[in-house]
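First up is the structure itself, then whatever we jot down about it.
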Protein chains: 2
Amino acid sequence: MSAVAPADRRHRRRLETIEQVLDVAVEVMAEQGVAGLTLGEVARRMGIRPPSLYVYFDGKHALYDALFERGWRLLLETVHRAQSRMARDDPLAEFRDGMDQFVRWAVDNPAYSALMFWRPVPGFTPSERAYAPATALAAEGRAEVVRLRDAGILRPDVDVDRAFTAQVTLVSGVISQQLSNAPHEPFDGGTWTAVLPELLDMWLAHHCSSAPSRPGESS
Amino acid sequence: MSAVAPADRRHRRRLETIEQVLDVAVEVMAEQGVAGLTLGEVARRMGIRPPSLYVYFDGKHALYDALFERGWRLLLETVHRAQSRMARDDPLAEFRDGMDQFVRWAVDNPAYSALMFWRPVPGFTPSERAYAPATALAAEGRAEVVRLRDAGILRPDVDVDRAFTAQVTLVSGVISQQLSNAPHEPFDGGTWTAVLPELLDMWLAHHCSSAPSRPGESS
DNA sequence: GTCTATACTACGATAGAC
DNA sequence: GTCTATCGTAGTATAGAC
């Protein structure tokens, strides 16, 4: 019995250890900053010695790379989970909710965000593999703009790429300001997250096919 | 003759050396990243030894602090210089130009920007003195919003603080995206800087007292 | 004000025993 | 897979001669 597929068990154990390394690394980044991550501190918190980490990661850059990929993957899953909870018949509400979830996750995970959105590590460039979930999320965001256009919410002749660039900029601005100026404020009630709905309204009104109609305004 | 005010000459020489240290430090940050700044590298490029730097700066954090202050002061001067070149009778053009200059400087000086807008150095918090020019610039930006309101361009009942927060977020978003995603693109023709005018139009239209009138649209 | 010398700590990474 | 031992490097900072 105990000899059934021992390689699988080793493999699973290995994956669990890798996950644990990543968890601890995120903790360290959250406390010491992204650039303050050291293999020694990760090893110390795990109760092992630094050389043992080399069994799981081929050096510090590989660890950063795995963290970068994991962050985008977690964010991707967060957005997907929110979408699957939504009714499928309201593209506008879905759009707003997606942006909301995106910013919420970023603000709730400042260590990941700093690594993902800024580039604070001198020699590190993410691999193509690590970029993949980021690219996927960008593609889905752009598709969301197309959906809004096809649903008649945005003008039919809207420049999708330009509109998407503007939208990403808004969201990125909120995240950047919130994290760098008031990192300890939660998403709800944050100084900068509070203006997100207004900014999305601005964006929608600007690309709107009909006259701008914002919530709270008389029609 | 040569004995006239020798203390002044020493003092000036000292200030010049301090400026040189800051210049070199910015160079190093631009090449190695903000967190990649080391006293040894600065000293090497200046042709001196690391201990000599302690005559001018009380350690690495003091150097970061001086760089932080200098960056905001340079940005403040850049905006002022642009304003003094402008005609004083067009608040709207002045507003647009100010934002333009702000983003242009930030994109042209990525090393300063990373230190000023993000917080990539683990243990470093800017001193009050270093913050002063940043605070001054924020106050002037808010005053600009008040001017736009008083000139009748924005609604009389506009929430100035909220509008200013939104405006800062837009500008911050452009800078963040441009610097982290395409740092080598110049301001002119940058993927993200290109949407700045459109974002400012959005912001203006959203707070406008009359119906939104954007350039290129029929009135 | 600059230097040499040095203390002290820390880092990433590798070799090789177990 | 984990360890000890160690290499090689780099960093901040201080003491004290010149």
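Throughout, protein chains are lettered first and strands after them, A, B, ... in sequence-line order, and every chain is numbered starting at 1.
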**OP:** Test A/Arg104 against every option in A/Asp188, A/Thr78, A/Asn109 by the side-chain hydrogen bond (donor to acceptor under 3.5 Å, both in side chains) rule and name the one that passes.
**Re:**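 Considering A/Asp188, A/Thr78, A/Asn109, a side-chain hydrogen bond (donor to acceptor under 3.5 Å, both in side chains) with A/Arg104 is found only for A/Asp188.
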Rounded to the nearest angstrom, tell me the gap between atom [atom1] in [X] and atom [atom2] in [N].
X	N	atom1	atom2	value
B/Leu39	D/dA13	CG	P	6 Å
A/Arg9	D/dG1	CZ	P	15 Å
A/Leu37	C/dG12	CG	P	8 Å
A/Arg13	D/dG1	CZ	P	10 Å
B/Leu15	C/dG1	CG	C1'	15 Å

Subject >> More than 12 heavy atoms from other groups under 6.0 Å of CG on B/Asp58 >> reply: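 No, CG of B/Asp58 has 12 or fewer neighbouring heavy atoms, counting only those of other groups under 6.0 Å.
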Taking the six-membered ring for Trp, is the centroid-to-centroid distance between [X] and [Y] below 6.0 Å?
X	Y	result
B/Tyr112	B/Phe68	no
A/Trp203	A/Phe164	no
B/Phe117	A/Trp118	no

Subject >> Residues from residues 16-35 of chain B lying under 4.0 Å of DNA chain C - heavy atoms >> reply: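 The answer is none.
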Subject >> Any residue of residues 43-58 of chain A with a heavy atom less than 4.0 Å from an atom of DNA chain C >> reply: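 Heavy-atom contacts with DNA chain C come from A/Pro51, A/Tyr54.
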Original post:
If you look at every heavy atom in B/Ser176 and A/Ser176, which pair is closest and at what distance?
Top reply: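 That closest heavy-atom pairing would be OG-OG, 2.7 Å.
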**OP:** Apply side-chain contact (heavy atoms from CB on, under 4.5 Å) to the pair B/Asp159 and B/Asp161, showing each step before the final yes or no.
**Re:** CA-CA 6 Å; B/Asp159 183 333; B/Asp161 286 313; 3.9 Å; yes
Subject >> Among B/Gln101, B/Glu94, B/Met99, side chain to side chain contact (heavy atoms under 4.5 Å, CB included) partner for B/Asp97 >> reply: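 Exactly one option meets the side chain to side chain contact (heavy atoms under 4.5 Å, CB included) with B/Asp97, and it is B/Gln101.
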